[in-house]
Amino acid sequence: MDGADSLFAFLSSHVAQVAASKQEGGVPEDQLQLEQQRPQDGQQQQQQQQTARPSKTATQLQHQIRRLKRTSLEAKLGRKDAALALLDDGLARWPGNVALLLPLGRTRAALGDRAGAREAFRAALAAEPDNAYVLHSWGMVEAAAGDVAAARALFRSAVRAEPDMAATYTAWARMEATARRGPAGEEAARRVFEEGQRADPSHVPLLHAWAMFELNHDKQSAARRLLARALELDPHHVPSWMALGQLEWRQGNAARAREVFELGLSLGGRGAGMQVSLLSALAELELGMKNVKRARELFERLRQYAPRHVPALLSAAQMEHRAGNAARAARLYDEAQAAVEQQGVVRGSEGVPARILRPRRRQQAATATEQAQAGAGTAAEPATAELGEPAEGAPGAEATAFRGSPPGAVVPVLHARAQAALRDGDVEAAERWLAAVESLEPGNGYLCHTRGLLCQREGRVEAAEDWFRRGLRCRGSHEGALLCYEGLAELLAFKGLKDEARAVWRAGAAAVQPLTSRYLRQAALFEKKERNWAAAAALFSDAVRRDPQDYRSWLQWAVFERRQRNFEAAERCFQRGTAVAPGYPYLWYSYATMLVALKRLPEARAVLQTATRNCPRSAPLWMEWALMEAAAGDVQAARRLFMRGSEVPPTFQHAPLYQAWAEFERQQGDEATAQRLAQQAEVLSQAPGPGRRSRGSQVEPSAGPSATV
């Protein structure tokens with residue numbers, strides 16, 4: 001490596017770390033050290049100026065730094081109660097220390113104690129009125145509580161104290177966009193971004209955040225312009241390369257998106273962090289398009305840089321399991337489990353190892369894992385489950401770091417294995433993995449949700465309700481708690497307690513922030529069933545605003561608008577959804593069937609051509625296209641399309657296609673062919689797996705929580 005390569009590798013690593021720190025709103029380590037070294041009052045300053053007891057001052061400082069680092073680790077691992085104890089102890093020794101009051105406020109806010117958080121932030125500002133990090137964190141708390149005016153004042157004070165606080169401008173802009181619906185909110189957010197850019201025109205993370213805002217509001221030209229400026233200023237800014245690749249992907253330019261990612265990789269020198277970030281992002285995009293071969297190649301490349309990258313191992317395991325490669329999936333799950341137990345957790349986006357202290361309860365974790373593995377035997381036969389997305393809402397591949405106590409760091413892997421067993425119908429194996437999770441984290445929200453769904457499926461409604469209510473108290477994960485609020489609300493609705501169900505939906509929204517797009521979508525589906533059309537539409541809009549890449553929300557919103565006969569609105573939702581997830585066949589199927597019903601056959605044909613190019617193994621798409629051509633009188637085209645649909649791999653065979661084909665041939669007078677096709681349909685309908693669906697069955701997957709089971 002020559003001098004230029006070394007410099008580029010250093011710059012790419014340095015910029016990625018600084019950008020991640022500012023975007024996450026975290027306090028850089030050098031800032032923490034400055035906070036620790038800053039005298040807290042005149043007496044301390046006088047002591048530091050004296051030379052009589054330098055060793056004691058140094059010892060206290062080192063002790064304080066160690067305590068702060070341990071507190072940060074406990075908080076990151078989800079042990080917020082332990083972090084609080086450490087902080088309280090530290091403040092008893094060093095009252096008014098801002099470096100301790102700041103994480104105290106954040107930790108109290110994470111535990112839902114907003115009053116306690118405000119008290120800590122108020123004490124910190126009494127010592128340092130212009131501390132931008134404290135002002136920013138307090139503003140985040142008020143924004144989550146819905147006090148827009150208070151949050152706005154705090155954010156403004158923060159950027160006045162520190163004009164280049166990109167994280168503050170970003171949080172402020174997002175709050176403005178959420179506080180006011182529609183164009184007014186968007187314009188208010190843009191004004192904040194513009195103010196931030198005027199404060200520092202060359203601040204790359206702010207340009208990136210602004211570009212992502214525009215991209216999420218479908219302003220793709222503006223997003224491209226901002227990303228180009230960001231990369232012009234810093235060609236090694238990893239998040240901007242990722243965003244540019246995702247922009248090309250969203251516009252349907254898959255080949256160009258791959259070129260962007262590869263160019264970003266080539267500019268990264270040998271910086272492992274940049275390689276891991278870009279490779280994992282590209283692998284997930286390929287996986288979203290169901291391009292398993294390409295995703296597998298990228299996961300293998302990623303392993304060269306980070307062989308123990310747990311999120312990638314979990315994604316690859318889920319991919320292989322859904323592809324029917326059970327033995328390979330089991331090996332990947334084993335590797336992920338070993339990586340956690342041996343080396344600790346790995347952050348999802350940067351590939352930065354977050355070292356875990358050797359746990360005192362390590363033996364408990366090992367015992368739980370061994371008990372779960374006992375009796376599992378050899379790997380199961382290849383599954384026939386249809387290839388799809390990982391179970392929505394599950395911890396694991398999308399988590400930036402494992403939460404929980406050190407021995408509980410393996411929990412996401414164990415839970416993922418339980419869900420894989422449930423998808424295979426192996427309830428006994430799933431129970432073993434869930435028991436291992438329960439022995440480590442009895443109150444884990446994901447565990448409680450999955451247990452509740454299992455009880456509900458078995459008809460044990462009261463037991464299901466108990467599990468969901470237990471999960472409401474989950475402190476280790478906001479997402480896990482929200483899943484339990486969702487499960488409880490849907491269970492109460494199933495029991496006919498509609499008012500109680502609505503109260504639970506609202507309680508979850510009040511108790512847990514930020515809300516997920518899934519939670520908002522499921523609440524919208526509840527209101528839709530109750531025929532509260534305006535409330536449902538507003539919740540769907542909130543869901544896609546919260547996460548514009550949530551293609552399930554785009555699908556459900558489109559179906560809702562179609563049934564309301566708002567066909568233009570439905571089409572906009574279908575177009576947004578297919579742009580986000582071109583490999584998700586149910587979006588294409590629903591879009592095409594709507595166009596066929598509206599007798600817009602040329603447009604339906606164009607949609608089906610694109611759909612089958614992106615989802616060539618989706619037999620229902622080929623069947624729908626064949627039926628459309630048959631109804632239009634093009635016998636040869638219909639027969640050719642039926643044939644193409646029958647050529648999908650065995651795990652994607654679809655009995656309704658053969659039933660429809662048999663009926664078509666019978667109408668053409670070919671009874672022998674019709675009988676042969678009907679026999680094939682019967683064989684498929686008796687076999688396990690997706691081929692068992694009969695014609696006329698629901699094609700779209702359930703949007704409810706049972707999809708995870």
Side-chain angles (χ1 to χ4, degrees), residues 216 218 246 249-250 284-285 287-290 315 318-319 322 385-399 419 423 446 449-450 453 479-480 482-483 485-487 489-490 505 508-509 514-529 535-564 569-594 607 611 614-615 618 620-621 690 698-709:
N216 289 339
D218 206 29
Q246 290 166 349
W249 203 279
R250 180 178 292 192
E284 293 294 344
L285 287 172
L287 193 54
M289 285 192 69
K290 308 298 187 291
S315 286
Q318 291 166 332
M319 174 189 73
R322 287 186 176 274
E386 196 170 41
L387 182 67
E389 299 301 313
E392 188 189 11
E398 297 170 357
Q419 289 202 315
R423 285 194 293 271
Y446 298 102
H449 179 250
T450 302
L453 293 180
E479 294 86 351
L482 281 175
L483 283 173
Y485 274 104
E486 172 194 316
E490 294 184 342
W505 285 117
L515 296 176
T516 62
S517 60
R518 169 183 171 135
Y519 188 82
L520 292 164
R521 181 212 320 148
Q522 296 304 114
L525 290 172
F526 168 79
E527 297 296 353
K528 172 185 167 184
K529 291 176 184 176
L539 286 163
F540 279 129
S541 177
D542 287 344
V544 298
R545 183 164 57 249
R546 186 62 53 91
D547 182 7
Q549 306 253 4
D550 181 5
Y551 52 86
R552 290 182 176 92
S553 290
W554 287 116
L555 171 61
Q556 293 294 349
W557 193 6
V559 170
F560 169 77
E561 296 292 357
R562 182 183 69 188
R563 290 175 181 170
Q564 297 294 307
E571 187 163 14
R572 285 195 298 270
C573 292
F574 280 130
Q575 289 172 349
R576 290 291 301 273
T578 53
V580 167
Y584 191 58
Y586 306 105
L587 272 161
W588 294 110
Y589 183 89
S590 297
Y591 188 9
T593 55
M594 183 187 78
V607 166
N614 284 300
C615 310
S618 176
L621 286 173
Q698 180 74 16
V699 176
E700 296 170 9
S702 170
S706 58
T708 63
V709 174

| said: Parallel, tilted or perpendicular, judged at 30° and 60°: which one describes the rings of Phe540 and Phe560? | reply: tilted
| request: Say whether, by atom type as modelled, one donor and one acceptor occur between the side chain of Thr578 and the main chain of Gln575 under 3.5 angstrom. | output: yes
| said: The test is side chain to side chain contact (heavy atoms under 4.5 Å, CB included); show your working for Arg545 and Asp542 and say whether it passes. | reply: CA-CA 5 Å; Arg545 183 164 57 249; Asp542 287 344; 2.4 Å; yes
| said: Measuring only between side-chain heavy atoms, which start at C-beta, is Tyr584 closer than 4.5 Å to Leu555? | reply: yes
| Quick one: CG on Leu482 to NE2 on His449, what's the gap to the nearest 0.5 Å? | 10.5 Å
| Taking all non-hydrogen atoms of both residues, which atom of Ala509 and which atom of Leu515 are closest, and how far apart? | CA-CD2, 3.6 Å
| query | Looking at Glu486 and Arg518, does any basic side-chain N land under 4.0 Å from a carboxylate oxygen? | reply | yes
| said: For Lys528 and Arg563: C-alpha separation, side-chain torsions, deciding distance, then whether side chain to side chain contact (heavy atoms under 4.5 Å, CB included) applies. | reply: CA-CA 11 Å; Lys528 172 185 167 184; Arg563 290 175 181 170; 3.2 Å; yes
| query | If you look at every heavy atom in Ser553 and Ser517, which pair is closest and at what distance? | reply | OG-O, 4.0 Å
| request: Give the intermediate values and the outcome of side chain to side chain contact (heavy atoms under 4.5 Å, CB included) for residues Leu539 and Glu527. | output: CA-CA 9 Å; Leu539 286 163; Glu527 297 296 353; 3.8 Å; yes
| In Å, rounded to the nearest 0.5 Å, how long is the span from CE of Met594 to CD of Glu561? | 10.5 Å
| task | Compare every heavy atom of Pro582 with every heavy atom of Ala579, then report the nearest pair and how far apart it is. | result | O-CD, 3.8 Å
| task | Would you please indicate if the ring centroids of Tyr519 and Trp505 are separated by under 6.0 Å? | result | yes
| Heavy-atom pair of closest approach, residues Ala570 and Ala558 | CB-O, 3.5 Å
| query | Parallel under 30°, tilted from 30 to 60°, perpendicular over 60°: which one fits the rings of Tyr591 and Trp588? | reply | parallel
| message | Is the shortest side-chain heavy-atom distance between Arg521 and Asp550 below 4.5 Å? | response | yes
| said: Set out, in order, the CA-CA distance, both residues' side-chain angles and the distance that settles side chain to side chain contact (heavy atoms under 4.5 Å, CB included) for Thr516 and Asp547, then state yes or no. | reply: CA-CA 8 Å; Thr516 62; Asp547 182 7; over 6 Å; no
| field | Test item: Arg562 side-chain N/O and Ser590 main-chain N/O as donor-acceptor pair under 3.5 Å | value | yes
| said: Do Ser541 and Trp557 make a side-chain contact, defined as non-hydrogen atoms from C-beta onward lying under 4.5 Å apart? | reply: yes
